[in-house]
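Worksheet for the structure shown next.
So you know, we letter chains A, B, ... as the sequences are listed, proteins then strands, and number each from 1.
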Amino acid sequence: MSRLGRDHYARDTLEVAPALLGCTLVHAGPDGVTSGRIVEVEAYQGEDDPACHAAAGRTGRTEVLYGQPGHAYIYLIYGMYYCLNAVTRAQGLPSAVLIRALEPLEGLDRMRGRRFARARRRTPVVDRDLANGPGKLCDALGLTLEHNRLDLTGDTLWIEAGVPPAEIAWSPRVGIKVGTERLWRCFDPESPYVSRTRLNHEVASEPSPVMS
DNA sequence: GTACAGATAAACT
DNA sequence: GTTTATCTGTACA
C-alpha cells in the first residue's frame, strides 16, 4: 500500500479523520518495525473547538498544530502516557486527528514486550489490549515526546493507505469535559480493537454538529 | 459486566 | 499551584 502524502492531511479534519480508518500506521524504529490498522480516531479542529489544545491559543506545545499538515503532534498526558495526532488542514489553522486505537499487524512480539515492560504492568497483555487506546498504542509502537513534530511523509513514522471499514460510527469524543456535544470520534464498529467505552453505543452515522 | 482510586510529570496560569 | 484528549488493579454485581 502507498504512503499517504501531505495532500491527504491538508483537508478539513472531519474529512481526514474517517479517511484514516483502515489505514496502516507504521513506526520504523531503531529496533524494528511495528504497525497496526487504524480503527478509531478523533477530530480536534481549530481554536473554536473548546476541546482542542489550540483553544488556549498558540503556545510552545501547540505550535506544531499551527504548522504544516502531515506532521506528528505527540504530548504527554496524565504524567504517564503519550498521545499521537496527525496535524491536518493548513498552516495557521490548528487542527489534528488523534489516533485512538490500532489492530496490531507487524511486530506483535515487540509490542507485547513494550507493553509488559511498563513498570505498573504485572499481568501479561492479551493482543486485543495491545493498542486499543491512545496511550496504549504509543506504548506498543514505542512513540514518545522525541517523535513529536516528526514529518509523517518521512521514513520513520508514516501512514499507508488501506481498506476502509464497511461502516463508520460516530460518537462523542472520549475523556474530555468540554465540546462533548460534537460527535467527532469515529471508529470501525465491527473491529474488536476499538477502545473499551460505553460511548460505543451512543453512535450516529455522521459527525455532528458538522462545522468547520 | 460497571465503578472507583491512584499513579505521575509536562505545560500552562 | 492547577490541569490533564489515560490506564490499571481492585472491588463488587
Side-chain angles (χ1 to χ4, degrees), chain A residues 9 13-14 16-18 20-21 25 36 38-67 71-89 93-102 104 111-149 169-187 192-202 207:
Chain A
Y9 303 97
T13 313
L14 292 178
V16 179
L20 289 180
L21 296 178
L25 174 65
I38 298 172
V39 298
E40 175 182 344
V41 300
E42 286 175 357
Y44 289 88
Q45 173 128 281
E47 294 173 340
D48 296 335
D49 174 1
C52 183
H53 286 174
R58 202 185 272 254
T59 66
R61 184 174 68 161
T62 61
E63 187 62 32
V64 62
L65 291 173
Y66 289 80
H71 285 250
Y73 168 47
I74 298 178
Y75 62 91
L76 179 72
I77 186 66
Y78 296 113
M80 291 178 146
Y81 301 100
Y82 300 100
C83 290
L84 167 69
N85 297 250
V87 174
T88 60
R89 246 175 146 194
L93 298 175
S95 308
V97 173
L98 170 69
I99 314 295
R100 282 196 57 89
L102 302 177
M111 294 193 207
R112 293 186 192 104
R114 287 176 179 141
R115 294 270 293 125
F116 187 77
R118 278 199 93 93
R120 304 192 58 243
R121 256 275 170 209
R122 299 215 301 265
T123 57
V125 186
V126 300
D127 288 353
R128 178 174 296 199
D129 289 330
L130 282 178
N132 60 341
K136 295 178 186 180
L137 77 85
C138 283
D139 189 17
L141 265 56
L143 300 175
T144 68
L145 270 189
E146 75 180 88
H147 302 97
N148 190 25
R149 302 173 184 240
W170 294 81
S171 83
R173 292 170 290 183
V174 176
I176 55 173
K177 291 177 175 166
V178 290
T180 52
E181 73 283 358
R182 306 183 187 202
L183 306 188
W184 284 6
R185 166 181 179 252
C186 62
F187 59 99
Y193 296 94
V194 165
S195 68
R196 181 180 75 77
T197 164
R198 62 179 176 231
L199 296 176
N200 290 355
H201 304 290
E202 299 178 31

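A donor atom on one side chain and an acceptor atom on the other are found under 3.5 Å apart for Y73(A) and H53(A).
Residues Q45(A) and W184(A) form a side-chain contact, since some pair of their non-hydrogen atoms from C-beta on lies under 4.5 Å apart. A heavy-atom distance below 4.5 Å is not found between the side chains of K136(A) and L130(A).
Proximity of K136(A) to the phosphate of dT8(C): a side-chain N or O atom is located under 4.0 Å from OP1 or OP2. In terms of phosphate contacts, R61(A) brings no side-chain nitrogen or oxygen within less than 4.0 Å of OP1 or OP2 of dT3(C). Between R185(A) and dA5(C) there is no side-chain N or O to OP1 or OP2 distance below 4.0 Å. Remark: R100(A) is in phosphate contact with dT6(C), judged by side-chain N or O atoms under 4.0 Å from OP1 or OP2.
The distance between atom CE of M80(A) and atom C1' of dG6(B), rounded to the nearest whole Å, is 8 Å. One atom, OH of Y73(A), and another, P of dT4(C), lie 13 Å apart when rounded to the nearest Å. For the pair I99(A) CD1 and dT6(C) P, the computed distance is 14 Å after rounding to whole Å. Rounded to whole Å, atom P of dC7(C) lies 8 Å from atom CG of N132(A). Spacing between atom CZ of F116(A) and atom P of dT8(C) amounts to 12 Å, rounded to whole angstrom units. A straight line from OH of Y75(A) to C1' of dT8(B) spans 16 Å, rounded to a whole angstrom. Look at NE2 on H53(A): it is 15 Å from C1' on dT13(B), rounded to the nearest Å. Between D129(A) atom CG and dT6(C) atom P the separation is 16 Å, expressed in whole Å.
Residue Y81(A) has its side chain nearest to dT6(C) when only dA5(C), dA10(B), dT6(C) are considered. Comparing dT8(C), dA9(B), dA5(C) against the side chain of L76(A) picks out dA9(B) as the nearest. Out of dT13(B), dA5(C), dT6(C), the shortest distance to the side chain of Y44(A) is found at dA5(C).
Of the nucleotides present, dT10(C) is the one that pairs with dA3(B) by Watson-Crick or G-U wobble criteria, both distances under 3.5 Å. Searching all strands for a Watson-Crick or G-U wobble partner of dA5(C) with both distances below 3.5 Å returns nothing.
The residue G79(A) sits close to a base: some heavy atom pair falls under 4.0 Å. Within the 4.0 angstrom heavy-atom criterion, no nucleotide atom of any strand lies near R173(A).
Rounded to the nearest 0.5 Å, atoms CG (L98(A)) and CZ (R185(A)) are 10.5 Å apart.
A salt bridge links R115(A) with D139(A); the closest basic N to acidic carboxylate O contact falls under 4.0 Å.
Comparing K177(A) and R115(A) along DNA chain C, the residue whose closest nucleotide (by nearest heavy atom) sits nearer the 5' end is K177(A).
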